[in-house]
Q: 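This is the structure, below, for whatever I ask next.
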Amino acid sequence: MAALRRAVPGRAGTGAEGTAGGGAAGRGAAVGLRPPQAASHELPGSPEASLCFANRSAALFHLGHFEVCLEDIARAQSHGYPDRLLPKVLLRKAECLLRLGRVPDAADALAAVENKIAVDGIMSSPARQTLLKKLNQLKLKVCERESCPEAARETCGDAQRETEIWEENDSISGASSSLSLKFNTEKGRHLVASRDILPGQNLLKEEAFVSVLCPEEGESRLLQDSSEMVWDTQFTNAELYCHRCLKQLLASVPCRGCSYAKYCSQNCADTAWEQYHRTECSLGALLLTLGVFCHVALRTVLLAGFSEVSRLVEQSHDDDEDLHSTKARCKHPRDAPDTRTGTRGIPGCNDNGQYQSSYRAVFNLLPHAEKHSPEHKFLCMLSVVAICRKLQEAGLEAAVLNQESSEKGSGPKACEKTSDELSPELQIMAEAMLRHVLQLQCNAQAITVMQELGSGDGAVVNKKPVRLATAFFPVLSLLNHSCSPNISVSFSGTAATVRASQPISSGQEIFHCYDEAIKMLLKCQMDARNFLSPEHLLMGEMEDHLAQVYATLGKWQEAARHLERSIQIVETHHGPSSVEMGHELFKLAQILFNGFAVSEALSTIQRAEKILTVHCGPQSTQIRELQEMKTCLLELPRSILQRT
């Protein structure tokens, strides 16, 4: 469960720092690359946690990551690193400082080591002699650097990076001045070129208003060398990337309140805590169960703050009343006057007519509520209410309303008594969250990274794009989609960059891509039927890929239909009880769950659970997720279960 922190007795003390001559040679160095899973489960400030960070600093030093090594040494000391082992990490600190050219700081660190060794009577004689030898070697290096300061100076190349000419738009934040914002009843809000644009020209640089890491993606593989066939799910997004800025982790900083959230630096950890994680921390298991859209919706309102959320929700009520009143006075809705003047009246723009990457812009993205089925809207509403009820029961309502002290480490206080109804304030937050969940169906942007497949030992490197996070980009969402896009989007952390992929004439609309994979896959499928049997594994792979694309578009019934065909082929080749069959059924269960096909989802979950329990064990991640989906579905009202 995401909010648990389990102690791992004895594990942390058996690593490199537990011995006088400890280092990070061999296997230890490889382990050091991974986030400190042991540290994530240890209590903050414990000796075990300090040893975990010290062990990792040794690996980082041998890998040449000196700045990050210094950060881990500081973390080890702040967590109460054992006094008897301190000289060793201080020597490592001094050597890092020397490698970085910070000679005076290195000299100070060596002086601290010398004083410590002089007064330390606990260390054994061999260990003392080893430390003294290393100390003298480093002192000689310091003297050499001090006598030749040029050697410590970092050389800077004369080559300067070519800077792109960039003139920012006055009306659209982060956009180039070569774009303009337009509105009409047919296309809604959209961007057009205000002058001719060349291929490769930068059109937009935007930071996500909010982003949430997708924990289920990443590299998973079956371990068949061990006595048991188990799935190694250690390499997932949740452990490879910072939970705030999405930077790839080298030496992660775990949250002090849970064993799930990990960050690239203490600054990211502190900022996340202040902005949203102090509220989310104890809700980890529920948020993982309900899915990333619900998590994005919650984080969106937490980042915006109750005051802004309340203002915009109230304003939307007033706008709805004005709209109904205007339509009532008109013979036909199309006769209603359009009062927009320039960009000032375009939804999402501020009073000055500027469209900014703000909560106001996010709130005014279209939820397309009329296009969602009643069942889907009900399930979304139920999920949002579950989050708000949990916030109220856990005593987190004040924090959500920005009324509670943000002191780190102060856990949530349980309410003495809970109400059957949500407070008026939480009802406002719930209304906004429901709006955001519905918006995400059409406006969610997947942040992707290119990830290597396999071990990387081959002559040709095989990479594929992997969904890293789900985000709201208010300006990027202005782009309409087309099967003939004229831009490409790339990501760096939480930032999106849009470039022209072809010449764009003045007055031409800027188009984002629809996923053309469906068209291409269907053509491949048609061609393949000419020379492959219907049961060929490649035919199954194409059905599987089609299911993935339709699921990405939120077309769950189409996705399920293609995946069921893939399952038939997998069963033909591997058998009805094979582990391959179990994994395909697991995917189908997720699609049916998201598509609100309750009875089909429950029966598929039962089949997948039966197979995967045999192959992966009852405690595997997939089994736990299946059980959580089943629990969620069974808690639906009886009337809904009967209808589905």
Side-chain angles (χ1 to χ4, degrees), residues 8 10-40 42-142 250-254 265-266:
V8 188
R11 283 182 58 185
T14 59
E17 297 304 326
T19 59
R27 188 177 177 187
V31 174
L33 283 172
R34 299 287 312 287
Q37 294 192 17
S40 299
E42 298 295 350
L43 294 174
S46 66
E48 290 81 8
S50 71
L51 287 170
C52 289
F53 288 119
N55 283 351
R56 192 174 65 182
S57 75
L60 290 166
F61 176 81
H62 284 275
L63 291 167
H65 300 293
F66 303 120
E67 289 283 6
V68 189
C69 175
L70 289 172
E71 293 173 7
D72 260 2
I73 290 172
R75 291 181 190 119
Q77 290 182 271
S78 69
H79 282 266
Y81 189 68
D83 191 64
R84 62 185 177 82
L85 299 175
L86 194 57
K88 184 168 52 176
V89 294
L90 290 177
L91 282 175
R92 187 178 302 140
K93 176 181 178 180
E95 193 162 5
C96 280
L97 293 168
L98 267 177
R99 299 286 185 95
L100 293 169
R102 296 162 57 181
V103 181
D105 293 337
D108 292 342
L110 289 175
V113 175
E114 198 165 19
N115 292 334
K116 181 67 180 170
I117 293 175
V119 299
D120 193 351
I122 301 175
M123 299 187 67
S124 61
S125 180
R128 184 187 184 93
Q129 292 303 316
T130 301
L131 289 171
L132 286 172
K133 182 178 178 181
K134 184 67 174 178
L135 174 64
N136 290 330
Q137 290 173 347
L138 292 175
K139 286 173 69 176
L140 285 173
K141 289 183 180 180
V142 168
L250 179 63
S252 65
V253 179
S265 66
Q266 192 60 49

Q: Can you measure from CZ (Phe53) to OG (Ser252) and round to the nearest 0.5 angstrom?
A: 7.5 Å
Q: Minimum heavy-atom separation for Val142 to Leu110, with atom names?
A: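 Nearest heavy atoms, Val142 then Leu110: CG2-CD1, 3.6 Å.
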Q: What is the minimum heavy-atom distance between Cys96 and Leu70, and which atoms define it?
A: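 Result for this residue pair: CB-CD2, 3.7 Å.
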Q: Looking only at heavy atoms, which two atoms of Arg75 and Ser78 are closest? And how far apart?
A: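 That would be O-OG, 2.8 Å.
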Q: Can you measure from CG (Asn55) to OG (Ser50) and round to the nearest 0.5 angstrom?
A: 9.0 Å
Q: Below 4.5 Å, heavy atoms only, C-beta onward: do Asp108 and Leu97 meet side chain to side chain?
A: no
Q: Can you name the closest pair of heavy atoms from Leu90 and Ala109 and give their distance?
A: O-CB, 4.3 Å
Q: With sequence neighbours left out, what residues match Glu95 under side chain to side chain contact (heavy atoms under 4.5 Å, CB included)?
A: Phe61, Arg99, Lys134, Leu138, Lys141
Q: Got a second to check how far Glu114's CD is from Lys139's NZ, nearest 0.5 Å?
A: 3.5 Å
Q: Could you list the residues that satisfy side chain to side chain donor-acceptor pair (under 3.5 Å) with Gln137, not counting sequence neighbours?
A: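 If we apply the side chain to side chain donor-acceptor pair (under 3.5 Å) test to Gln137, skipping adjacent residues, there are no hits.
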Q: With rounding to the nearest 0.5 angstrom, report the CG to CD distance, Leu250 to Glu67.
A: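 Result: 12.0 Å between the selected atoms.
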Q: Nearest 0.5 Å, please: how far is NZ in Lys93 from SG in Cys69?
A: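 Reported to 0.5 Å precision, the distance equals 11.0 Å.
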Q: Tell me, with the steps shown, if Gln77 and Leu86 meet side chain to side chain contact (heavy atoms under 4.5 Å, CB included).
A: CA-CA 8 Å; Gln77 290 182 271; Leu86 194 57; 4.0 Å; yes
Q: Could you grab the distance from atom CD1 of Ile73 to atom NZ of Lys88, nearest 0.5 Å is fine?
A: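 Rounded to the nearest 0.5 Å, the CD1-NZ separation comes to 11.5 Å.
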Q: What's the shortest heavy-atom distance between Ala251 and Asp72, and which atoms?
A: CB-OD2, 3.9 Å
